[in-house]
Amino acid sequence: VLTQRVVRLQLRCPADHACDTLSAGAVWTVWADGLDALNFKVVALTGVNANPAVSAATPVFATFAVRDTTIAGVSPVGIRAATVTARKPGTTWILATRGSLLDSLALVVQ
């Protein structure tokens, strides 16, 4: 039996690792991808139900946070995505963690 194990976490918004500058009041989605030791996306996270709702059967894949909550807020959506709301001009970081794994994206709000 061959299985994949998540060894790296990568944030993206929503198609790449760099995010556009947002205007205050704008809303967008950030995604957390799990990658294995060969840098392949974990297959279980790329299917039709790639972001199922949180339940006992599908625990949270990543936990999201914002460094400066006065600039932006974050709300989880399903097990591996979050909605980010830009609040006021400034720069902050969106963080995702899974155990000891961590990744971050810079967010600039105008």
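Just so it is clear, the model here is predicted, and its values are computed rather than measured. Residues: numbered from 1 along the sequence shown.
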For Leu9 and Ala96, the nearest pair of non-hydrogen atoms, with its separation, is CD2-O, 3.4 Å
Decide whether Leu105 and Leu107 are clustered together by the hydrophobic rule: side chain heavy atoms of Ile, Leu, Val, Met, Phe, Trp, Tyr closer than 4.5 Å, transitively.
yes
Closest heavy-atom pair and its distance - Val74, Ala82
CG2-CB, 3.5 Å
Under the 4.5 Å side-chain heavy-atom rule for ILVMFWY, direct or indirect, which residues accompany Phe40?
Leu38
Would Val30 end up clustered with Val108 when hydrophobic side chains under 4.5 Å apart are linked, directly or stepwise?
no
Taken in chain and number order and not counting sequence neighbours, the residues that satisfy side-chain hydrogen bond (donor to acceptor under 3.5 Å, both in side chains) with Thr70 are Asp68
Gap between atom CZ of Phe61 and atom CH2 of Trp31 - 0.5 Å precision:
11.5 Å
What is the minimum heavy-atom distance between Ala62 and Ala32, and which atoms define it?
CB-CB, 3.8 Å
Run Val66 and Ile71 through side-chain contact (heavy atoms from CB on, under 4.5 Å) and show every step you take.
CA-CA 9 Å; Val66 178; Ile71 295 173; 6.0 Å; no
What's the spacing between Leu11 CG and Leu102 CG if we round to 0.5 Å?
8.5 Å
Arg5/Asp36 ion pair, N-O < 4.0 Å
no
Can you tell if the side chain of Val77 reaches within under 4.5 Å of the side chain of Thr29, non-hydrogen atoms only?
no
Residues pairing under side-chain hydrogen bond (donor to acceptor under 3.5 Å, both in side chains) where one sits in residues 85-98, two or more places apart or in two chains, turn out to be none
For residues Ile79 and Leu101: do they belong to one hydrophobic cluster (side chain heavy atoms under 4.5 Å, members Ile, Leu, Val, Met, Phe, Trp, Tyr)?
yes
Residue among Gln10, Arg8, Arg12 satisfying side chain to side chain donor-acceptor pair (under 3.5 Å) with Asp33:
Arg12
Rounded to the nearest 0.5 Å, what's the gap from CG on Asp103 to CG on Leu35? Could you check?
9.5 Å
